Amino acid sequence: EIRKQRAEALKERGLAQSLQAQKGFMYGRSPKEENEAPRKLTMRAHPEMGAGVDLHASWWGMVVDAIDEEPGQPGLRLRDTIVEVNGMSLRELESEDCEQRFADLFGDGSV
């Protein structure tokens with residue numbers, strides 16, 4: 001009885017729903033960022049302010065936590081992952097190694 005009432009209420013709101021149980025696990029829709037092709041950006045570094053980004057290391061590279069207005073990083077977005085710098089990969093490294101490689105390679109005009 002409750003299922004019928006629920007189905008009728010959903011139908012009234014235009015939200016028809018199947019009453020059959022789904023088998024298996026269904027993932028939700030992937031965020032559009034996960035389906036984008038990788039982007040190649042040229043990073044800026046100010047002599048006094050540095051890159052103006054807050055990052056943390058992950059197994060996939062350096063993840064962007066915040067971006068300062070100055071010097072700014074055109075095209076870079078929050079939660080982007082920097083996977084390589086000047087052709088050198090940051091993937092599959094321990095956190096300390098990833099941070100060190102990024103620091104060694106990064107400079108004004110890094111790609």
Side-chain angles (χ1 to χ4, degrees):
E1 183 64 32
I2 293 175
R3 286 185 180 183
K4 287 181 182 178
Q5 290 173 352
R6 188 177 295 152
E8 289 173 12
L10 289 172
K11 193 174 182 179
E12 287 174 8
R13 288 187 261 156
L15 303 170
Q17 180 181 353
S18 171
L19 298 177
Q20 273 189 324
Q22 298 284 331
K23 290 186 180 181
F25 182 79
M26 294 180 58
Y27 290 98
R29 294 179 67 192
S30 297
K32 67 176 182 163
E33 291 85 1
E34 286 185 17
N35 298 319
E36 281 184 338
R39 293 172 285 131
K40 190 172 188 175
L41 306 174
T42 301
M43 303 283 286
R44 296 180 186 172
H46 188 274
E48 294 173 11
M49 293 185 280
V53 292
D54 290 331
L55 308 165
H56 73 270
S58 74
W59 186 251
W60 299 275
M62 297 297 287
V63 180
V64 178
D65 296 321
I67 305 168
D68 296 338
E69 289 185 29
E70 291 294 326
Q73 299 297 340
L76 192 64
R77 298 183 295 225
L78 294 179
R79 296 182 312 273
D80 274 353
T81 302
I82 301 170
V83 297
E84 74 176 44
V85 178
N86 295 332
M88 294 291 293
S89 178
L90 300 175
R91 288 177 267 196
E92 299 181 8
L93 299 172
E94 295 296 326
S95 293
E96 298 82 24
D97 296 334
C98 184
E99 290 171 358
Q100 188 60 53
R101 184 174 288 181
F102 180 81
D104 292 344
L105 296 170
F106 182 79
D108 192 40
S110 294
V111 180

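What you are looking at is a predicted structure, and each value in this text was computed from that prediction instead of being measured. Sequential numbering from 1 along the given sequence is applied to the chain's residues. When reading the values below, keep in mind they use all heavy atoms of this one structure, side chains included, and skip hydrogens, waters and symmetry mates.
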Atom pair CG (Asp97) and CG (Asp104), whose distance is rounded to the nearest 0.5 Å: 10.5 Å
Distance in Å, Glu8 CD paired with Gln5 CD, rounded so as to fall on 0.5 Å steps: 7.0 Å
ILVMFWY network linking Val63 to Leu93, side-chain heavy atoms under 4.5 angstrom: no
Minimum heavy-atom distance Gly61-Cys98, with the two atoms named: C-SG, 3.8 Å
Close side-chain approach of Val85 and Arg101, heavy atoms under 4.5 Å: no
Side-chain donor or acceptor of Ser58 paired with backbone N/O of Trp60 under 3.5 Å: yes
Min side-chain heavy-atom separation Glu99-His56 under 4.5 Å: no
Over 12 foreign heavy atoms within 6.0 Å of CZ, Arg39: yes
Heavy-atom side-chain proximity of Trp59 to Arg91 below 4.5 angstrom: no
N/O donor-acceptor pair under 3.5 Å between Gln73 side chain and Ile67 backbone: no
Verify same cluster id: Met88, Val83 (apolar side-chain graph, 4.5 Å): no
Hydrophobic cluster identity match, Leu105 and Val53, side-chain contacts under 4.5 Å: yes
Closest contact, heavy atoms only, Ala57 versus Ser95: CB-O, 3.5 Å
Smallest separation among heavy atoms of Pro71 and Arg44, with atom names: O-NH1, 3.2 Å
Closest approach of Ile82 to Phe102 (non-hydrogen atoms, all atoms of both residues): CD1-CE1, 4.1 Å
Side chain Asp80, main chain Val64, donor-acceptor under 3.5 Å: no
Joint hydrophobic cluster, Met43 plus Leu78, side-chain heavy atoms closer than 4.5 Å: yes
